[in-house]
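Below is one structure, written out as C-alpha cells, with a few remarks after it.
Reckoned from all heavy atoms, side chains included, excluding hydrogens, waters and symmetry mates.
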There are 2 protein chains.
Amino acid sequence: MADVISAQDNGKAPGDHPLSEQETVALIELMFFAYRDFVSDPDEILGQYGFGRAHHRVLHFVGRDPGMTVQQLLDILQITKQSLGRVLKELIDKDYVFQKEGEADRRQRLLYLTESGEELRQRLMGPQMNRIRRAVALPDGSAAHLYRKVLYHMVSPANREAVRDWIDRASLLGEPKDGG
Amino acid sequence: MADVISAQDNGKAPGDHPLSEQETVALIELMFFAYRDFVSDPDEILGQYGFGRAHHRVLHFVGRDPGMTVQQLLDILQITKQSLGRVLKELIDKDYVFQKEGEADRRQRLLYLTESGEELRQRLMGPQMNRIRRAVALPDGSAAHLYRKVLYHMVSPANREAVRDWIDRASLLGEPKDGG
DNA sequence: GAAATTACGTCAGCCATGTTGACATATTTA
DNA sequence: TAAATATGTCAACATGGCTGACGTAATTTC
C-alpha cells in the first residue's frame, strides 16, 4: 500500500528532475494541509480575544524585535499600511501593544508589546513550537523523503488519516488529464 | 555570522527538546515566509483570470480526482458548502469545471475539469512544482537542518536576503520578554 | 409506502483582512 | 526653505471565510 510518508518514485519518469511529478504534487498538497493545520491552534486562541491571524503576525514580529518601526513591520509582513493600521490600532486600544516616540527620529513610533501582549504571544506560539518539535523529531531520510515526513507530521493527528488517504488515493489516480 | 540555513543551537538550552527555542521559532517564521511565497506565483496567474486562491484549490483537487463528489471536496477543503458554492459556480459558469449526475446515486453532482480547467490547473501548478523541486534538491543534513534549508529555499530568491536578515537579526535578539 | 435522511443549491447577511487612492501632520534631510 | 520621510486616517471595494434558513430531488429506513 502506498505510504504518504515514504517517497518512492512510483509515478512518472523523473527525467532530469530530482522528484517525480507525483512526488512533487504530493509535497504541494502537504504544504497546503500542513499550513492549514499549523495555523489552526493559534486561530482558536485568537478567537477568544476577538483577534485574527493578522493580529497574531503583528504580535509575533513585534515581540521578536521590540522597538521596531512601523515601516520595518510593514516590510516584513508585506501588506499595506492601511491593512496594518487596522489591526495595530486594535492591539494598541486593547493594550497588547504600545508605541514610543523614536529618540533619534521623533517621527518614528517604535513598537513594543505590553505584558499582556507578550503573554498572548507566548500562548499563541506554544502549540506551534510543539508541533514543529514533534514534526522535526524524526530519524533518517533523504531530503525529499524527510521534508515529506516533516510536513506530514505538521498535519494535526486528527487529520492525518484523511490526508494520508487523500495522498494515497491521488497517487493511484496518476494525474489524469481529462475527466468526463 | 549567524546563518539562516544552518541550524546551530546557539540559543537557550534545549532541555529535553530536540530543538532550541530559537531554532524552533526560526522554523515557525520560515513556515510563514515560505508559504507566503509559495502561493505568490499562482496568485498572480489567478489574477489574470479574475480568480483567487479558493478557485485554485477547487481546480487543483478536482483535477487530482476527477469525478469526486461535492461532499468529498468539502471534506478536503474543510470549508462550508456556501463558501465552496460561490467559487464553484464561477468556475462552472466560466467553463473550467463541469458537473455530471452520479450514475449510482443521482443526487450527486460529480465534478470534472474541462480542457480549459486542466490547462489552467497545470499552469498554476508549474511554478509550485519548480519551487518544490529547487527547494528539495539539496544535499546532506539532519532533520531540522534540512527542513530549515528546504523552507528557506521555498522563499522567493528576491525575498531571501530580507528573510535571512530577519532571521539572523531575530536570533541575535534572543527572545526578549519585555519591551519598554 | 410514508418518513427520515442525504446531497446539493441558494439567498441573505456578517466578518476579517487584503487592496487602491487621497489627504494630513510632524519631522528630518537636502 | 523645500523636499522627502514616517506615520495616521478616511473612504470604498474585493475576496473568501462564516452562520442561519430554506428548498428540492433522490435515497434509505422503518
Side-chain angles (χ1 to χ4, degrees), chain A residues 32 35-37 39-40 42-60 62 67-94 97-112, chain B residues 32 35-36 39-40 42-62 67-94 97-112:
Chain A
F32 165 70
Y35 192 81
R36 183 193 64 188
D37 288 355
V39 296
S40 66
D43 275 359
E44 198 165 332
I45 298 169
L46 288 159
Q48 303 166 12
Y49 293 76
F51 291 148
R53 281 181 206 179
H55 303 84
H56 184 187
R57 288 171 196 147
V58 171
L59 280 174
H60 178 87
V62 171
M68 77 193 311
T69 68
V70 172
Q71 189 54 54
Q72 284 173 331
L73 185 52
L74 287 174
D75 289 343
I76 286 165
L77 297 178
Q78 295 190 359
I79 57 174
T80 59
K81 66 175 172 177
Q82 294 89 333
S83 294
L84 175 59
R86 198 157 30 196
V87 294
L88 189 53
K89 196 173 188 301
E90 288 172 5
L91 287 168
I92 291 170
D93 288 350
K94 294 190 182 173
V97 171
F98 68 93
Q99 293 178 303
K100 242 176 40 175
E101 198 173 68
E103 294 183 12
D105 186 337
R106 285 168 49 222
R107 288 171 304 180
Q108 296 177 332
R109 298 295 128 85
L110 307 185
L111 298 167
Y112 299 90
Chain B
F32 165 70
Y35 191 81
R36 183 194 64 188
V39 295
S40 65
D43 275 359
E44 198 165 330
I45 298 169
L46 289 160
Q48 303 166 13
Y49 293 76
F51 291 147
R53 280 181 206 179
H55 303 84
H56 185 187
R57 289 173 195 144
V58 171
L59 280 174
H60 178 86
F61 286 108
V62 171
M68 77 193 309
T69 68
V70 171
Q71 191 54 54
Q72 283 173 331
L73 185 53
L74 287 174
D75 289 343
I76 286 166
L77 298 178
Q78 295 190 357
I79 58 175
T80 59
K81 67 174 171 177
Q82 294 90 332
S83 295
L84 174 60
R86 198 156 32 193
V87 295
L88 189 53
K89 196 172 187 303
E90 287 172 6
L91 287 168
I92 291 170
D93 288 349
K94 294 189 182 174
V97 171
F98 69 92
Q99 293 179 305
K100 243 176 39 175
E101 196 173 69
E103 292 185 13
D105 186 338
R106 284 168 49 224
R107 290 172 302 179
Q108 297 177 332
R109 298 293 127 86
L110 308 184
L111 298 167
Y112 298 91

Give the B/S/- string for nucleotides 4-11 of chain C, one per nucleotide from 5' to 3', where a protein heavy atom under 4.0 Å of the base yields B, of only the sugar-phosphate yields S, and otherwise -. --BSBBBB
Reckon A:Thr80 has a side-chain N or O less than 4.0 Å from the OP1 or OP2 of C:dG18? no
Using the test side chain to side chain donor-acceptor pair (under 3.5 Å), find all partners of A:Tyr49 that sit at least two apart in sequence or belong to another chain. A:Arg123
Would the number of heavy atoms belonging to other residues, nucleotides or ligands and lying under 6.0 Å from CD of A:Gln48 be above 12? yes
For A:His55, which contact category applies under a 4.0 Å heavy-atom criterion: base, sugar-phosphate, or nothing? sugar-phosphate
Sorted by chain and number, sequence neighbours left out, side chain to side chain contact (heavy atoms under 4.5 Å, CB included) with B:Glu101 holds for B:Arg106, B:Arg109
I want to check one thing: is the phosphate of C:dT19, taken as OP1 and OP2, less than 4.0 Å away from some side-chain N or O of A:Ser83? yes
Answer with base, sugar-phosphate or nothing: what part of the nucleic acid does B:Arg86 contact at a heavy-atom distance below 4.0 Å? base
Just the dot-bracket of DNA chain C, please: which string comes out with Watson-Crick or G-U pairs under 3.5 Å, [ ] for crossing, | for another strand? ||||||||||||||||||||||||||||||
CD of A:Glu103 versus C1' of C:dT27: gap in Å, rounded? 16 Å
OG1-CD distance between B:Thr69 and B:Gln108, expressed to the nearest 0.5 angstrom: 5.5 Å
State which residues pass side chain to side chain donor-acceptor pair (under 3.5 Å) with B:Arg107; sequence neighbours excluded, sorted by chain then number. B:Asp105
Pairs touching residues 44-56 of chain B that satisfy salt bridge (charged side-chain N to carboxylate O under 4.0 Å, His left out), sequence neighbours left out: B:Asp43-B:Arg53
Taking only residues two or more places apart in sequence or in another chain, which ones pass side chain to side chain donor-acceptor pair (under 3.5 Å) with A:Gln71? A:Asp75
Who are the side chain to side chain contact (heavy atoms under 4.5 Å, CB included) partners of B:Leu73, not counting sequence neighbours? B:Val58, B:Phe61, B:Val62, B:Met68, B:Leu77, B:Leu84, B:Leu111
Rounded to the nearest Å, what distance is computed from the CG atom of residue A:Leu74 to the P atom of nucleotide C:dT20? 13 Å
Tell me every residue that passes ring-ring contact (aromatic ring centres under 6.0 Å, His included) with A:His56, counting only those two or more places apart in sequence or in another chain. none
So which pairs with a foot in residues 84-93 of chain A pass salt bridge (charged side-chain N to carboxylate O under 4.0 Å, His left out), sequence neighbours left out? A:Lys89-A:Asp93
For DNA chain D, which nucleotides open and close the run of contacts to chain A, 5' to 3', at under 4.0 angstrom from a non-hydrogen atom? D:dT5 to D:dC10
Who passes ring-ring contact (aromatic ring centres under 6.0 Å, His included) against B:Tyr35, sequence neighbours left out? A:Tyr35
Strictly below 4.0 Å: does B:Arg53 bring a side-chain N or O up to OP1 or OP2 of C:dT17? no
